[in-house]
Amino acid sequence: KEMQSTWGVKFHRIPKDLNSEETRQIIETCIEDCFVSLIIDPNYGNSFNDIGLYFKFLGYKVQSESFFELASESTRCTFPALPQVNLTVTKKENGDFLTALRFALTALDFDPDDHAIRDQCLSLRKMLS
């Protein structure tokens, strides 16, 4: 299914079966659409973050992390904590708990009332002690 954004960029719902060729094609189209939105606004962090998620779905972990980092450095992001949360998860999956905690604490700075982020910080602190 497609939805249209206010910028005229299409958004697609990702099917639950991430291993099908159809899903892979939808994800590749989503990545292309995100790049179109970055042509319109090269500082739009949401698109960098979404590309990172799509690459992660496709199994490209290094590329996904690079796009999460670009999202976290962007000057405009609807939810600035989100790239930090994605970097937290990525670093935690890679066993880099100290860096994961650093990103989680940065996410908490952006959204101090988010209980999931707080729980992630506590969990990481326990893992490091």
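Along the sequence shown, residues are numbered consecutively beginning with 1. Every heavy atom of this structure was used, including side-chain atoms; hydrogens, water molecules and symmetry mates were not.
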Heavy-atom pair of closest approach, residues Ile117 and Ala104: CG2-O, 3.5 Å
Partner of Asp111 by side chain to side chain contact (heavy atoms under 4.5 Å, CB included), out of Asp114, Leu108, Asp109: Asp114
Cys30 side, atom SG; Asp50 side, atom CG - distance, nearest 0.5 Å: 8.5 Å
Short N-O contact, Glu65 and Lys56, less than 4.0 angstrom: no
Approximate separation, where rounding is to 0.5 Å, of Leu101 CG and Lys92 NZ: 10.5 Å
Interatomic spacing from OH in Tyr54 to CD1 in Ile31 - rounded to 0.5 Å: 8.5 Å
Aromatic ring pairing Phe67/Phe55, orientation class (parallel under 30°, perpendicular over 60°, tilted between): tilted
In one Ile/Leu/Val/Met/Phe/Trp/Tyr side-chain cluster, 4.5 Å: Phe48, Phe35: yes
Same cluster (ILVMFWY, side-chain, under 4.5 Å), Leu128 and Leu122: no
Contact check, side chains of Lys91 and Phe97, non-hydrogen atoms, under 4.5 Å: no
Straight-line distance of Leu70 CG to Cys77 SG, nearest 0.5 Å: 11.5 Å
Nearest atoms (heavy-atom pairs only) where Pro83 meets Ser72: CB-N, 3.7 Å
Distance-only donor-acceptor check, side chains Asn46 and Thr78, under 3.5 Å: yes
Gln84 side, atom CD; Phe110 side, atom CZ - distance, nearest 0.5 Å: 5.5 Å
Rounded distance [0.5 Å steps], OG1 in Thr88 versus CD in Glu93: 11.0 Å
